Visitor: 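The structure is given below, and queries will be raised subsequently.
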Amino acid sequence: MKWLALPGISLKQITRHRFRSALTVAGVATGMFLYTAVQTMQHSLAAVTQSGADDNTLIVYRENRFCPTTSRLPEHYLLDIQRIEGVSEVIPIQVAVNNCGASLDVITFRGVPPESLAEYNPALTVAEGSFEQWRGRTDGALVGENFARRRGLSPGDTFEAVGVRVYVAGIVHSPLTQDNNVAYVHLSFLQQSSRVGLGVVTQFNVRVDNPELLHSVARRIDELFASDAAPTNTRPEKAFFAQTARDLIEMIAFTRWLGLGAVLAVLGLVANALLLAARGRIKEGAILQTLGFPRIAVGLIMIWEGAILGLLGGMAGCLSAVCFFRFKSFTLGNEGLTLALVPNWNVTVSGLVLAITLGLIASVWPAIVASTKPVVSSLRQG
Amino acid sequence: MTVFNPPTSSDPHGKEVFIRCRNVSKSYRKGKTIVTPLEALDLDVGRGEFLALMGPSGSGKTTLLNLIAGIDSPTTGELWVDKQNLASLKRGQLTAWRAKHCGYIFQLYHLVPILTAFENVELPLLLDRSLSRKERHSKVAAALDLVGLANRADHRPTELSGGQEQRVAIARAIVTNPGLLVADEPTGDLDRKSATQVLDLLREFSSEYRKTIVMVTHDAVAANAAQRTLHLEKGQLVEQVQITTSEPTEV
């Protein structure tokens with residue numbers, strides 16, 4: 001028996017029953033699109049909330065405040081924090097957002113001292129425009145590339161949001177996806193234009209020399225300002241995200257059920273399509289067995305069909321999800337934090353493998369049906 | 001390239017027994033009753049013989065044909081086809097035996113509708129791992145040529161007439177060069193002209209290529225094409241008609 005010939009027969013069954021196959025593939029693709037979208041959200045969230053051994057950034061926020069509009073800290077804390085042992089860099093940041101609640105299209109301005117940005121975020125590269133122009137212009141903004149694409153901005157444009165009108169001095173790219181969804185402006189400019197006033201910031205981002213010192217430095221910062229008028233709450237960056245964006249996290253956690261639903265829908269769809277095909281092809285299976293095809297070969301033709309349908313639907317669904325997220329550049333925002341939904345090849349490949357596996361599982365029962373019907377009675381059918 | 005190896009002059013033409021049934025019975029349960037379509041049947045068929053089986057519906061013709069083809073197994077008795085007792089083979093062994101030794105021609109052709117004529121004829125050859133793709137294609141082309149359908153290789157069953165479909169089915173049955181061909185009312189669904197073409201082909205395989213053919217038919221004209229006709233009634237042989245002439249009978 002030429003076992004390698006069986007996938008060819010299965011492929012012919014698929015390509016020569018075009019309408020039926022197209023409907024099944026479209027159904028699988030829809031399910032796998034949903035699954036990949038959910039997994040992309042989960043993966044993006046995990047990337048910004050799951051702490052790692054090399055995390056070295058702390059966020060200093062106003063105690064008991066969760067929104068950037070209510071977290072107000074004196075800018076002069078900067079000097080006190082810098083003096084704490086183990087701190088390597090501190091940058092004061094004023095955040096202004098159009099929406100503190102969970103939103104799919106959040107506009108975030110980060111006001112930073114222009115002389116500190118390059119030092120604090122060396123991975124930030126200017127893709128278009130000029131860093132110097134930004135430094136030299138008080139209303140200048142360095143716009144993250146996803147933000148710019150979403151809003152159709154290019155260097156030289158001006159735009160207004162959150163009551164702040166800025167000039168686009170450059171488009172920036174960062175390996176940290178959140179940075180690609182915000183606009184960096186001068187700290188003093190944002191303090192004045194958003195009317196929080198000079199000398200007031202939303203938070204401090206603190207970098208420590210040694211990741212092992214992360215928690216001890218956080219404790220010392222909070223102890224330092226505990227009796228001050230504006231006490232602080234200092235947490236590692238990822239823990240800060242996980243705590244501050246709780247609504248977002250709960251929402252994304254819920255989508256797991258959608259992913260599971262998508263998986264079950266794909267399983268049911270392929271199984272149903274193949275079972276109907278198996279029932280409609282009982283005589284065909286009997287003919288093959290009469291010609292000398294072993295029963296297992298008749299079943300394997302069905303199994304291959306399931307796997308190929310899974311592969312085709314998986315490819316269409318997973319890849320369209322990747323394209324969707326890549327070109328739409330979605331960002332979920334909550335409490336001034338942004339979560340960029342970034343397509344990930346691990347998610348895509350696992351989606352493809354899952355689609356093929358679902359196709360295989362779904363085809364087991366139809367394969368048993370197709371291969372175990374008695375030949376003589378099957379040949380008598382209509 | 002030929003599909004068959006023509007017999008040599010030393011073959012014991014018409015003398016050697018190819019199929020031997022001894023005390024063959026077949027019973028199966030239908031609801032609460034046991035049905036016995038064949039009972040204690042004895043039969044010998046010579047190598048290269050063209051045998052027709054006739055009889056009323058329910059007389060056991062197709063059951064006997066299925067037993068001889070190895071699609072079904074007898075409940076009791078021995079059924080030998082060319083030194084192989086089919087009654088002793090298990091289902092998987094019967095399947096492997098069919099692939100090598102038996103070609104089956106159905107009344108309703110039973111071609112796989114999504115495959116072209118060429119691909120349908122190629123199907124049984126996919127079971128032979130020793131054949132290269134080139135050899136396979138060459139055999140398929142030869143088989144289609146033999147049934148006069150070389151120019152219809154790329155057509156699907158729905159694009160062929162009934163007679164052409166049956167000739168494709170015959171090409172599929174002979175492409176592996178089996179010693180035995182069984183045909184279940186091969187002309188039952190055909191007009192007279194197509195039936196004549198099919199019967200001519202079967203006679204050619206019997207007389208020129210020494211294929212043993214067992215054909216079930218209701219049609220006396222079709223039975224006339226065979227060398228011998230047996231009548232079955234209630235699972236028993238009731239009459240034998242021996243045609244002595246070696247010349248094919250005009251249909």
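Chain A is the first sequence line, chain B the second, and so forth, proteins listed ahead of strands; every chain is numbered from 1. This structure is a prediction, so every number in the text was calculated from the model and none was measured.
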Visitor: Give a yes or no on whether A/I296 atom CD1 has more than 12 heavy-atom contacts from other residues, nucleotides or ligands under 6.0 Å away.
Guide: no
Visitor: Let's go through A/R295 and B/T95 carefully: what are the C-alpha distance in whole Å and the side-chain angles of both, what is the deciding distance for side chain to side chain contact (heavy atoms under 4.5 Å, CB included) to 0.1 Å, and is it a yes or a no?
Guide: CA-CA 9 Å; A/R295 288 200 304 171; B/T95 305; 5.8 Å; no
Visitor: Please name the pair of heavy atoms, one in B/T116 and one in A/R16, separated by the smallest distance, quoted to 0.1 Å.
Guide: N-NH1, 4.0 Å
Visitor: Step through the shown structure and confirm whether more than 12 heavy atoms of other residues, nucleotides or ligands are within 6.0 Å of CE on B/M54.
Guide: yes
Visitor: As an exercise, state the distance from CD1 of A/I9 to CG of B/L115, rounded to the nearest 0.5 Å.
Guide: 7.0 Å
Visitor: What is the distance from atom CG of B/L125 to atom CG of A/L291, rounded to the nearest 0.5 Å?
Guide: 10.5 Å
Visitor: Please determine whether the number of non-hydrogen atoms from other residues, nucleotides or ligands lying under 6.0 Å from atom CZ of B/R22 exceeds 12.
Guide: yes
Visitor: In this structure, which one of B/D72, B/T63, B/T62 forms a side chain to side chain contact (heavy atoms under 4.5 Å, CB included) with A/V376?
Guide: B/D72
Visitor: Taking all non-hydrogen atoms of both residues, which atom of A/G292 and which atom of B/A99 are closest, and how far apart?
Guide: CA-CB, 3.8 Å
Visitor: What residues form a side chain to side chain donor-acceptor pair (under 3.5 Å) with A/T255, not counting sequence neighbours?
Guide: A/Q42
Visitor: Looking at side-chain heavy atoms only, is the closest gap between A/I287 and B/L123 below 4.5 Å?
Guide: no
Visitor: Using heavy-atom distances under 4.5 Å, tell me whether A/L288 contacts chain B through its side chain, its backbone, both, or neither.
Guide: side chain
Visitor: Quick one: what part of B/R133 sits under 4.5 Å from any heavy atom of chain A, side chain, backbone, both or neither?
Guide: neither
Visitor: Looking at CG of A/L379 and CD1 of B/I71, how far apart are the two atoms once the value is rounded to the nearest 0.5 Å?
Guide: 6.0 Å
Visitor: With a 4.5 angstrom heavy-atom cut-off, could you sort out which part of A/Q289 is near chain B: side chain, backbone, both or neither?
Guide: both
Visitor: Quick one: what part of B/L94 sits under 4.5 Å from any heavy atom of chain A, side chain, backbone, both or neither?
Guide: neither
